[in-house]
Number of protein chains: 2
Amino acid sequence: MNKKIQKLADKFKVLSNPIRVSILLCLLNGQSNVTKIQECLNIPQSTVSKHLGILKNAGLIEGERSGLEVIYSIVDDGVKNMILSLMAE
Amino acid sequence: MNKKIQKLADKFKVLSNPIRVSILLCLLNGQSNVTKIQECLNIPQSTVSKHLGILKNAGLIEGERSGLEVIYSIVDDGVKNMILSLMAE
DNA sequence: TCTTTATATTATAATATTACAATATTATGC
DNA sequence: GCATAATATTGTAATATTATAATATAAAGA
């Protein structure tokens, strides 16, 4: 299997979960900490953290610790624009 | 869960499989029948047919029967361009 | 109708993903 | 040190996806 194709499919897999899409939408307008994201989505903290980890691991977001909080923001502008344009349809 | 978000995630899910991405790449240059796609990917016929069904069901491709053959082609130009630009990266 | 070719469907075992409670970590203030 | 708050990890049961062999269907020609 072609590596480039596998990588592309993996990228789509990261985006294939509604919670992860929601998190990205939460972050479209700027950065946010985990608690805010959790309140926005109204799901358990461990679930949010798990998906944040997947998004971070895929290089779509990054988290910076500030005291007790970790502030997440979108890194990949391409994905940002893709989500935006697809949501606009 | 927001319906629009679910739909978007579902769209990504269709693209999250390397065989399906490969099929779309096979079809980028034009239409093709199942046997050609199968030879291009070198995997069992039932596997190809299964994934063609998923792509068709998602509205990304369409198949037209011509005698014994079914000719598939890409319908969704947005997806076509997305794949193209992402493969170019 | 029988055969052959092309494609689709079904059945199922293997594997992957998911949600989330429970627990652990990390940082801060006392 | 201890307590508390914010976040991450682990364990696990439920569910979904996958690959592919076996079988079914559809079309064409003899």
Side-chain angles (χ1 to χ4, degrees), chain A residues 1-2 5-24 26-27 30-75, chain B residues 1-2 5-24 26-27 30-75:
Chain A
M1 177 66 60
N2 188 316
I5 293 174
Q6 181 67 57
K7 267 194 156 183
L8 184 51
D10 285 345
K11 206 162 192 173
F12 284 127
K13 181 166 287 176
V14 174
L15 298 170
S16 74
N17 176 289
I19 291 179
R20 291 197 286 276
V21 171
S22 300
I23 290 176
L24 291 174
C26 280
L27 294 176
Q31 54 186 29
S32 179
N33 65 19
V34 179
T35 303
K36 269 200 224 159
I37 296 172
Q38 182 191 346
E39 285 165 356
C40 165
L41 302 186
N42 208 32
I43 56 179
Q45 180 269 322
S46 64
T47 304
V48 174
S49 200
K50 184 94 188 295
H51 288 289
L52 283 169
I54 291 170
L55 287 165
K56 183 182 165 191
N57 199 52
L60 302 191
I61 64 174
E62 67 180 7
E64 190 173 7
R65 185 171 276 274
S66 162
L68 289 179
E69 303 177 348
V70 176
I71 313 290
Y72 282 96
S73 54
I74 297 181
V75 170
Chain B
M1 176 66 58
N2 187 317
I5 292 175
Q6 181 68 56
K7 267 194 157 184
L8 183 51
D10 286 345
K11 208 163 192 173
F12 284 127
K13 182 167 286 176
V14 174
L15 299 170
S16 74
N17 176 289
I19 291 179
R20 292 197 287 274
V21 171
S22 299
I23 289 175
L24 290 174
C26 280
L27 294 176
Q31 55 186 29
S32 178
N33 65 19
V34 179
T35 304
K36 269 201 223 158
I37 295 172
Q38 182 190 347
E39 285 165 356
C40 165
L41 302 187
N42 208 34
I43 56 178
Q45 181 268 323
S46 62
T47 304
V48 174
S49 201
K50 186 96 187 296
H51 287 289
L52 283 169
I54 291 170
L55 286 166
K56 183 182 165 192
N57 200 52
L60 301 191
I61 65 175
E62 67 181 7
E64 191 173 6
R65 184 171 277 275
S66 162
L68 289 179
E69 303 178 349
V70 176
I71 313 289
Y72 282 95
S73 53
I74 297 181
V75 170

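Below, read A as the first sequence line, B as the second, and so on, with proteins coming before strands; counting in each chain starts at 1.
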### Task
Describe the nucleic acid contact of A/Lys36 in one word from base, sugar-phosphate, nothing, applying a heavy-atom distance below 4.0 Å.
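Result for A/Lys36 = nothing.
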### Task
May I ask you to say what A/Thr35 touches in the nucleic acid, namely base, sugar-phosphate or nothing, with a heavy-atom cut-off under 4.0 Å?
sugar-phosphate
### Task
Report yes if the side chains of A/Ile37 and A/Leu27 come closer than 4.5 Å at any heavy-atom pair, otherwise no.
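Counting from C-beta outward, A/Ile37 and A/Leu27 do come under 4.5 Å.
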#### Entry: First and last nucleotide of DNA chain C, 5' to 3', lying under 4.0 Å from heavy atoms of chain A
C/dT17 to C/dT28
### Summary
Partner of A/Asn33 under side chain to side chain donor-acceptor pair (under 3.5 Å), picked from A/Arg65, A/Gln38, A/Glu69, is A/Glu69
### Query
Is the backbone of B/Lys13 close enough, under 3.5 Å, to the side chain of B/Arg20 for a donor and an acceptor to pair up by distance?
yes
### Task
Would you kindly compare B/Lys13 and A/Thr47 by the position of their nearest DNA chain D nucleotide and give the one closer to the 5′ end?
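Nearer the 5' end of the strand: A/Thr47.
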### Query
Under the 3.5 Å rule, do the base of D/dA8 and the side chain of A/Gln45 count as making a donor-acceptor pair?
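Result: at least one qualifying N/O pair found.
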### Message
Please list all pairs meeting salt bridge (charged side-chain N to carboxylate O under 4.0 Å, His left out) that have one or both residues in residues 45-64 of chain A, counting only residues at least two apart or in different chains.
### Response
none
### Query
In terms of the nearest nucleotide of DNA chain C, which residue is placed more toward the 5' end: B/Glu69 or A/Ile43?
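Looking at DNA chain C, the more 5' nearest nucleotide goes with B/Glu69.
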### Query
Closer to the 5' end of DNA chain C via nearest nucleotide, is it B/Ser46 or A/His51?
B/Ser46
### Smallest separation among heavy atoms of A/Cys26 and A/Leu41, with atom names
SG-CD2, 4.1 Å
#### Entry: Test side chain to side chain contact (heavy atoms under 4.5 Å, CB included) applied to A/Val48 and A/Thr35, A/Asn42, A/Ile43, the passing residue
A/Ile43
